[in-house]
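As the structure lists them, so they are numbered: ligands from 1, and atoms in each ligand from 1.
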Amino acid sequence: MKALMKFLPALLIFSTFNYILSAQDSMGPPPGGQPQVQQKSDLIIPISTKNISLVLRVNSRDGRVYQAYFGKKLDNTDNLAQMRDAGHLAYATFGTDNLFEPAIRATHNDGNPSLELKYADWMFSSPIGGGGEGFILNKIILKDPQYPFEVTICFKAYPEEDIIEQWVEIKHNEKKPLTIFNYASSMLHFDAEEYWLSQFHGDWAEEMRMQESELTAGIKILDSKLGTRAHMYQTPVFMLSLNGKSDENSGEVMAGTLGWSGNFRFLFEVDEKGSLRVISGINPFASEYTLEPGKVFKTPSMIFTYSATGKGQASRNLHRWAIKYGILDGTGSRLTLLNNWEATYFDFNEKKLTDILDNTKKMGLDLFLLDDGWFANKYPRNNDRAGLGDWQENKTKLPNGLGYLVKEADNKGVKFGIWIEPEMVNPKSELYENHPDWILKLPNRPENYFRNQLVLDLTNPEVQEFVYNVVDGMLTVNPGIAFIKWDCNRMMTNTYSVYLKDKQSHIYIDYVNSLYSVLERLRQKYPHLPVMLCSGGGGRVDYGALRYFTEFWASDNTDPLERIYIQWGYSYFFPAVAVCNHITSWGNQSLKFKTDVAMMGKMGYDIRVDELTEKELEFSQNAILNYKRLSDIIWHGDLYRLVSPYEENRAVLMYVNNAKDKAVLFGYVLNARYGETFNRVKLQGLDPARTYNIREINMSGEIRWGMGMSESGRSYTGDYLMKIGLTIGSATPLTSTVYEISE
Ligand code: DGJ
């Protein structure tokens with residue numbers, strides 16, 4: 001509701017089509033397509049971007065709304081009204097004649113468990129944002145003919161990025177509250193010969209493992225029931241290839257992701273005719289929701305794209321959208337940093353930290369990020385068993401408080417950032433002792449710990465105030481704090497909210513909405529403070545949260561070999577500007593290899609700088625300078641995945657800036673069997689007519705032979721580079737090459 005209020009004044013024209021109106025009665029054609037009232041009075045509702053059409057049709061015989069088409073842009077939607085009706089309801093209900101999984105299920109206040117939704121109205125806006133930018137909003141209102149119950153299906157179509165964002169708003173005016181059991185954000189239908197699903201699952205330190213399998217008759221579900229650290233086993237993303245597998249540059253693909261930081265569910269159902277319905281949204285598991293009359297239940301956004309030319313384009317669409325609209329300050333720059341988590345863990349004091357500040361400067365990094373362990377006095381945070389929740393500086397470690405460190409950082413010409421985990425509590429803490437009713441735990445069962453901690457009940461407004469004040473209090477006392485890492489290290493178990501009383505099944509949904517409202521409030525006061533989203537690694541990565549965060553911690557696993565796969569996985573859905581990669585002591589690979597891997601995203605360090613040799617220090621200082629020179633291309637350019645580590649003993653990718661005059665290429669040899677040779681790699685995204693100079697950077701004095709010979713210093717046309725390509729790789733496993741490519 002709030003978003004709508006904010007949004008309405010921005011509308012330039014907002015026209016309404018009533019079902020029975022003829023086209024001439026309208027105030028003008030909807031952007032992205034002509035409104036057409038067909039012979040049989042079927043109303044066609046086109047939702048279009050530059051290259052995609054999603055077309056809905058109101059069937060004049062039954063008044064229901066169907067998906068008529070989704071795919072490559074149609075020049076004209078005239079013929080759709082004559083199509084055989086495939087019965088693909090745009091938002092299928094339960095209780096009447098739908099035989100398959102519904103998008104929505106509700107029981108009315110009189111106990112009637114059925115829902116019927118018929119077309120009532122259609123509203124659309126002219127482009128919001130102007131100048132070919134922005135989005136077009138379409139709202140289609142559906143009503144139950146027997147009950148005052150309505151669903152508004154909302155679409156934001158981003159023409160330039162080929163992205164559609166869909167959510168629904170559910171409300172009723174029945175006499176008493178009613179219960180909704182299912183409340184999907186979107187329902188999409190496909191009719192193809194084959195459906196290939198790529199999913200991205202894992203665990204702590206194993207994020208984003210990609211697996212592709214064919215969907216067969218029946219239901220396949222990707223979901224989470226973890227509550228807080230909801231994406232620990234599965235990130236809310238998928239790619240769906242139609243009519244066979246797709247690759248980077250060919251094949252039909254739909255890519256989707258749910259902007260929701262809690263339990264999600266993607267349900268894929270192949271029916272008896274071989275049609276596929278994909279239902280995406282909040283996981284309805286154990287989450288029936290009581291809806292009061294007049295209240296709006298707004299689902300999170302399902303963000304999706306379609307590409308007729310493979311997965312690479314689908315990713316680029318998502319990246320471009322994310323940079324502009326999905327991530328806080330996505331078009332801006334990011335701070336390089338030195339983190340102390342792996343360098344010190346909980347064992348530090350003021351002197352050690354002051355030395356690290358010096359090292360931050362010495363390396364040429366922008367910021368020092370102080371991690372876990374700086375707080376709590378009665379139960380000092382010297383390990384993960386105590387202190388969480390008591391957000392006062394630990395007097396033994398930091399006798400002069402955070403203020404001293406902020407000042408020291410300033411004196412040394414670097415910035416200061418800090419770690420917090422404000423949603424959680426250790427039982428060994430003053431917070432636990434003082435506010436037992438603020439904690440999610442079952443009254444008559446033992447407490448269940450994960451990393452020795454419990455989750456605070458964020459549905460309680462007092463807890464929201466507490467969390468807000470943890471952050472606001474710290475920033476008010478120390479306005480020089482320039483960065484925050486917001487962690488969340490556990491999922492929900494043995495969950496019970498004292499505050500929610502008889503509405504326990506609201507917990508998973510209300511928790512996330514409460515988190516968003518705290519973040520929203522903080523963002524009003526601190527609109528641009530960079531904040532890293534972290535959840536014991538990548539346990540909470542999604543575009544619902546990223547509206548409030550500038551970046552995310554991809555994984556605690558920083559072994560560069562593992563990291564190549566993890567970062568590769570994220571790259572399908574999230575742009576490099578948001579993916580934090582640190583050079584650490586994990587893995588035995590060379591510093592160069594580690595650096596080159598971290599550089600393909602938002603680079604940082606978490607090492608003991610004092611232990612670097614002179615040569616390593618110099619190498620790192622130069623690499624940081626290189627990174628600063630090239631980071632804009634990496635953060636905001638177009639990504640081309642050239643060789644997949646899932647297919648070869650190599651991974652190669654490149655970023656090209658919008659002007660196509662600069663590119664950066666990263667090549668990694670993961671393994672090299674005896675006698676193995678690697679093919680040349682054809683580059684992409686360049687201008688064939690221009691000539692580019694190839695310069696190898698991050699050299700560490702290595703001598704390479706044969707196929708590993710550097711291409712540095714050569715000049716080639718874009719045509720050559722894209723048709724013949726470069727030699728990339730060597731006979732030595734765990735080596736890497738970075739090429740700066742300039743016109
Ligand atoms: C989990 C994070 O992923 C780590 O980077 C680190 O911040 C620890 N938490 C601190 O407890």
Side-chain angles (χ1 to χ4, degrees), residues 202-208 226 228-233 235 261 335 337-348 353 356 367-376 379-391 394 397 416-426 428-429 449-456 470-471 481 483-491 530-542 545 549-560 562-563 566-567 570 578-587 594 598 601-608:
D203 194 353
W204 176 79
E206 295 176 31
E207 289 88 344
M208 295 300 274
L226 302 182
T228 27
R229 196 173 163 182
H231 310 154
M232 185 159 80
Y233 300 143
T235 310
S261 311
L335 298 165
L337 60 82
L338 179 61
N339 190 193
N340 70 315
W341 175 239
E342 289 192 26
T344 66
Y345 291 104
F346 296 94
D347 179 20
F348 55 80
L353 298 183
I356 297 179
L367 175 126
F368 165 57
L369 169 61
L370 173 58
D371 215 286
D372 196 353
W374 58 268
F375 50 89
Y379 303 106
R381 181 77 172 165
N382 291 329
N383 50 53
D384 62 17
R385 293 188 294 280
L388 199 59
D390 301 344
W391 297 103
N394 178 277
K397 289 183 194 173
F416 179 80
I418 195 149
W419 176 97
I420 50 170
E421 191 180 4
E423 301 159 70
M424 305 278 161
V425 61
N426 280 133
K428 232 171 144 190
S429 69
Y449 305 127
F450 187 91
R451 209 193 188 211
N452 313 299
Q453 65 192 59
L454 293 161
V455 183
L456 291 178
V470 168
V471 185
I481 290 179
F483 186 94
I484 286 178
K485 175 178 178 184
W486 182 305
D487 208 344
C488 161
N489 277 294
R490 70 156 295 170
M491 73 302 280
V531 185
M532 182 198 286
L533 169 62
C534 174
S535 183
R540 181 155 80 181
V541 178
D542 66 273
F549 292 85
T550 47
E551 54 220 81
F552 65 85
W553 183 228
S555 176
D556 278 351
N557 190 339
T558 47
D559 177 313
E562 291 298 323
R563 200 70 189 197
I566 293 171
Q567 294 169 192
Y570 282 115
V579 189
C580 298
N581 307 325
H582 293 177
I583 294 143
T584 76
S585 53
W586 274 49
K594 292 179 178 185
K602 203 225 122 177
M603 183 170 83
Y605 286 81
D606 193 347
I607 47 165
R608 296 187 182 185

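Near Trp419, the atoms of ligand 1 lying under 4.0 angstrom from a non-hydrogen atom of the residue are 7 (O), 10 (C), 11 (O). Each of the atoms 3 (O), 5 (O) of ligand 1 lies under 4.0 Å from some heavy atom of Trp553. Near Gly537, meaning under 4.0 Å from one of its heavy atoms, ligand 1 places the atoms 3 (O).
Atom NZ of Lys428 has 12 or fewer neighbouring heavy atoms from other residues, nucleotides or ligands inside a 6.0 Å radius.
At least one N/O-N/O distance between Lys485 and ligand 1 falls below 3.5 Å. In terms of polar-atom proximity, Asp371 is counted as a contact of ligand 1, with an N or O under 3.5 Å from an N or O of the ligand. Close N/O approach between Phe346 and ligand 1 is not found [any backbone or side-chain N/O within under 3.5 Å].
Not one N or O on the side chain of Asn394 forms a donor-acceptor pair closer than 3.5 Å with the backbone of Gly373.
Of all the heavy atoms in Arg229 and Gly536, the pair that sits closest is NH2-O, 3.0 Å.
At the top of the distance list for atom 11 (O) of ligand 1, counting protein heavy atoms only, stands Asp372 OD2, 2.6 Å. Looking at atom 1 (C) of ligand 1, its nearest protein heavy atom turns out to be Asp487 OD2, 3.1 Å. Atom 4 (C) of ligand 1 has its closest protein heavy atom at Asp556 OD1, 3.4 Å.
Side chains of Asp542 and Ser261: a donor on one and an acceptor on the other come within 3.5 Å.
Under 4.0 Å from ligand 1, the heavy atoms of Asn489 that appear belong solely to its side chain. Of all the heavy atoms of Cys534, the ones lying under 4.0 Å from any atom of ligand 1 belong exclusively to the side chain. Residue contacts with ligand 1 for Arg451 involve side-chain atoms from C-beta outward but no N, CA, C or O (heavy atoms, distance under 4.0 Å).
Contacts of Arg608 classified as salt bridge (charged side-chain N to carboxylate O under 4.0 Å, His left out), with partners at least two apart in sequence or in another chain: Glu611.
In this structure, His582 and Trp553 have tilted ring planes: the angle between them lies in the 30° to 60° band. Using cut-offs of 30° and 60° for the angle between ring planes, the Trp341 and Phe346 rings count as perpendicular.
None of Asn557, Asn489, Asp556 except one satisfies the side-chain hydrogen bond (donor to acceptor under 3.5 Å, both in side chains) rule with Trp204; the exception is Asp556.
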